[in-house]
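Shown next, in structure tokens, is the structure this report addresses.
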Number of protein chains: 4
Amino acid sequence: MSPRSKKQFEALRASSTSRILNAALELFGTVGYQATTIAQIAEKARVSKGLIYNYFDSKEALLKAMIEELSKEGEKIMQTVDTDDPTKMLESIIRGAFNWLRNHEKQNRLIMGLVTQVDQFDFVHDMANRKMKEYMELISELLRKIKFPNHRTEARILTTLFDGIGVQYLVLKQDYPLDEVEEMLIKRYCLPKKGNS
Amino acid sequence: MSPRSKKQFEALRASSTSRILNAALELFGTVGYQATTIAQIAEKARVSKGLIYNYFDSKEALLKAMIEELSKEGEKIMQTVDTDDPTKMLESIIRGAFNWLRNHEKQNRLIMGLVTQVDQFDFVHDMANRKMKEYMELISELLRKIKFPNHRTEARILTTLFDGIGVQYLVLKQDYPLDEVEEMLIKRYCLPKKGNS
Amino acid sequence: MSPRSKKQFEALRASSTSRILNAALELFGTVGYQATTIAQIAEKARVSKGLIYNYFDSKEALLKAMIEELSKEGEKIMQTVDTDDPTKMLESIIRGAFNWLRNHEKQNRLIMGLVTQVDQFDFVHDMANRKMKEYMELISELLRKIKFPNHRTEARILTTLFDGIGVQYLVLKQDYPLDEVEEMLIKRYCLPKKGNS
Amino acid sequence: MSPRSKKQFEALRASSTSRILNAALELFGTVGYQATTIAQIAEKARVSKGLIYNYFDSKEALLKAMIEELSKEGEKIMQTVDTDDPTKMLESIIRGAFNWLRNHEKQNRLIMGLVTQVDQFDFVHDMANRKMKEYMELISELLRKIKFPNHRTEARILTTLFDGIGVQYLVLKQDYPLDEVEEMLIKRYCLPKKGNS
DNA sequence: CATGAATGAGTGTTCATTCAT
DNA sequence: AATGAATGAACACTCATTCAT
């Protein structure tokens, strides 16, 4: 009855789980969480509806798992930034933020859509809230280290800009000069200023 | 022939319509469009479900009416800004944007939630797209007039900041120093620069 | 308070009532009774929804009134047929039946649609039943008088044919040779037979 | 991979589908299509409302499926008639038509009810139209072969009679002498005439 | 007599979830 | 582990009918 090894089973599990998560992300990130049906996810993942409930307790649990995975991925990226030279680190963070936007369009769309609903997806709201504050603190600290004037205010500006870029990029798409804005921010915050000395 | 006067009917209609629109805005702007049911709207507006369909063809038509009203309101505000002195005008626009954020939280939430869904609420997406570009052009032109260096790039920054502030304010609420950021932007863009002369 | 004479009021009543009945017939007879809404009737009659309920207790009462009017009209037509010469009378009846089909398409459609529903429009069913039997008796008697062989069976055939023609005309419309069939029936039943003597 | 065998699923599907179709026919054919609710069908089929939508896209699709099945059944019956001897064939067709009336009361009622509504169930109208013309052609040809005088006109009479019998039987039920009329038609059209030789 | 805004029970339909296999 | 048939609560929407004026 059990000719498959444990490893095979686990591989199966992993494969199905990730197929489901990928399909869900694809749909949540385009048509939205509420407008996506379990049937659509099952079809896109080429899996039966029932199987989804073997791995996830509910549609919301599936969402939660996705958000958590996303949160972990975000942390992982943060840990790869160089921690010695504050200027290099800031540049690394800025470039990382822009790359995130480029590579996680669906995720951004999803989160943006969820974060607007009050009292319903508190775990998303909380995560967004926490991340925003973490970013703020980190960047503020870096700007202080590189002796950028008004470092707190500038950190506010910079983090706010990140979110603004996210929204504008999401709406304007190719019309938004992502590369240009990236270089401009690098220049403003990571290069030695001439006239500000 | 007519037992209630035309005026009476008109008043009745206006009252119901606005009650419905208000209730819908309240709900769409908090729990979201899709998560809001017609029954909830009817209850909040203290009106029967059926009556809503006397005034709006469908749930989506109700949304459309709301968005259009919003769009008009936006235009009206834009027309009130002083058009003589570019510096004054820019300040007026910036202050207007912040006041909009303060007074239209529900609307912002709603639009932000809708704009993320692709191929579903194109009229919202289109409006957002158009407004963003209009703002960009207007501000760019003003910065050029007041001889702000790199006026196009700075206009990009400023409009992007508006959206970013919207997102952060929406998530962080009281934790976001709205007033402080407002003053800072006024100072940066509307006051004579010392070192830049 | 009552500056209008009784006659004026009655004229008003008659006008509205008949406008409503006409509109209802138009709609019942094309889209069907159930598919027709009171709102559609009101609109077509250029009358308010409420007024319809001044004259008719309910949608079904409106239908009943229509059917009754129709029934009376049918009787009136029957009374106009010449009662002296049985052959002439038969011809008159046959021609009358064909003219009825030509002039009462909507009514036929309506009745045909209603008569199929069991336990719902018994008054229609009953009327149809009664009319069919009356016709059968009358024609049978006439055929007997003109010494048509197998007069009962032939009466059955003839009345059945009337209904069949109704159905086929209703479905095939211009493709059905109504005039041709009319002449054929007249020839068969109302002219002296050559070979059958 | 699959817990229930393909066959098991197939059997389940077939069972549910036919239960639903039977229940729908029962109701459509008595109270009528529009007056029948999905809830009633579900209850009579001892099935949940939702399941109906697993098999049929909509109430109208359910009707369409029923009509199509009916159309196929009609063709099947037509193919069983003896094709060698035209007289035998004609008798077979006449007897077939009467048996159809006896065994398909609900279907006839349903179709008769639908065919009266214009611009709404065109597929029913079209089918009725087509069948009528097919029958007309076939019978006309047979009468020609057996050298019946005025074969076209007589074919018209005969097919019209079929429909008329349908209507009268539907209204008069047991009061209509179906058997008697059947024998009479057989005698008139399928037996060698005395005086016509 | 006449209006049309207002109601609410009822309709077709959807969809997350369960369960026998 | 996997299937998909089955459920039923919930939804958007309709419409005959009422009623204040």
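First the proteins, then the strands, lettered A, B, ... as listed; each starts at 1.
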Problem set entry | Donor + acceptor pair across side chains of B:H125, B:Q120 (<3.5 Å) | no
Exercise. Only one of A:I67, A:I111, A:L114, A:T36 clears side-chain contact (heavy atoms from CB on, under 4.5 Å) with A:F28; which?
Worked result: A:T36
Exercise. Between E:dC15 atom P and A:I41 atom CD1, what is the distance in whole Å?
Worked result: 12 Å
Seminar exercise, completed: pair_partner(E:dG10), Watson-Crick or wobble, both distances < 3.5 Å, evaluates to F:dC13
Exercise. Which is true for B:L12 with a 4.0 Å heavy-atom rule: it touches a base, it touches only sugar-phosphate, or it touches nothing?
Worked result: sugar-phosphate
For this session: Send over the distance from D:F56 CZ to F:dA5 P, rounded to a whole Å.
Result: 13 Å
For this session: Drop me the distance from D:I38's CD1 to D:S48's OG, to the nearest 0.5 angstrom.
Result: 11.5 Å
Exercise. Any side-chain N or O of D:R13 under 4.0 Å from OP1/OP2 of F:dA5?
Worked result: yes
Exercise. Closest to the D:F9 side chain: F:dG4, F:dA16, E:dG12?
Worked result: F:dG4
Exercise. Taking for each residue the nucleotide of DNA chain F bearing the nearest heavy atom, is the 5' side occupied by B:I38 or by C:D57?
Worked result: B:I38
Exercise. To the nearest Å, how far apart are A:K59 NZ and E:dT17 P?
Worked result: 8 Å
For this session: Using the closest heavy atom to pick a nucleotide of DNA chain E for each, name whichever of B:N54 or A:T37 lands nearer the 5' end.
Result: B:N54
Exercise. Has D:R4 got a side-chain N or O lying under 4.0 Å from the OP1 or OP2 atom of F:dA5?
Worked result: no
Seminar exercise, completed: Separation of F:dA20 atom C1' from B:K7 atom NZ, nearest Å, is 20 Å
Exercise. What about B:K49, does its side chain sit under 3.5 Å from the base of E:dG10 through a donor-acceptor pair?
Worked result: yes
Exercise. Rounding to a whole Å, what distance do you find between D:L63:CG and E:dG12:C1'?
Worked result: 15 Å
Problem set entry | Atom-pair distance (CD on D:Q40; P on E:dT11), nearest Å | 7 Å
Exercise. Hey, does the side chain of C:S16 come within less than 4.0 Å of E:dC1's phosphate (OP1/OP2), counting only N and O?
Worked result: no
Exercise. Is D:Y55 reaching over with its side chain to a backbone N or O of D:I20, donor-acceptor style, under 3.5 angstrom?
Worked result: no
Exercise. Where the side chain of B:S48 is concerned, which of E:dA2, E:dT7, F:dA16 is the nearest nucleotide?
Worked result: E:dT7
For this session: Test side chain to side chain contact (heavy atoms under 4.5 Å, CB included) on D:H104 and D:E73 and set out the steps.
Result: CA-CA 11 Å; D:H104 293 75; D:E73 197 187 348; 2.9 Å; yes
Exercise. Using purine N1 to pyrimidine N3 plus N6-O4 or O6-N4 for Watson-Crick, or N1-O2 and O6-N3 for G-U wobble, each under 3.5 Å, what pairs with F:dA20?
Worked result: E:dT3
Exercise. What is the distance from CG of D:L62 to C1' of E:dT13, rounded to the nearest Å?
Worked result: 13 Å
Exercise. What is the distance from OH of A:Y55 to P of E:dT17, rounded to the nearest Å?
Worked result: 18 Å
For this session: May I ask you to say what C:T36 touches in the nucleic acid, namely base, sugar-phosphate or nothing, with a heavy-atom cut-off under 4.0 Å?
Result: sugar-phosphate
Exercise. Which residue, A:A35 or B:L51, contacts DNA chain E at a nucleotide closer to its 5' end, judged by nearest heavy atom?
Worked result: B:L51
For this session: Verify, without hydrogens or angle tests, whether B:Q40 (side chain) and B:T37 (backbone) share a donor-acceptor contact under 3.5 angstrom.
Result: yes
For this session: When you get a sec, tell me which of F:dA1, F:dG4, F:dA16 is the closest nucleotide to the side chain of C:Y53?
Result: F:dA16
For this session: Would you kindly compare A:V47 and B:G50 by the position of their nearest DNA chain F nucleotide and give the one closer to the 5′ end?
Result: A:V47
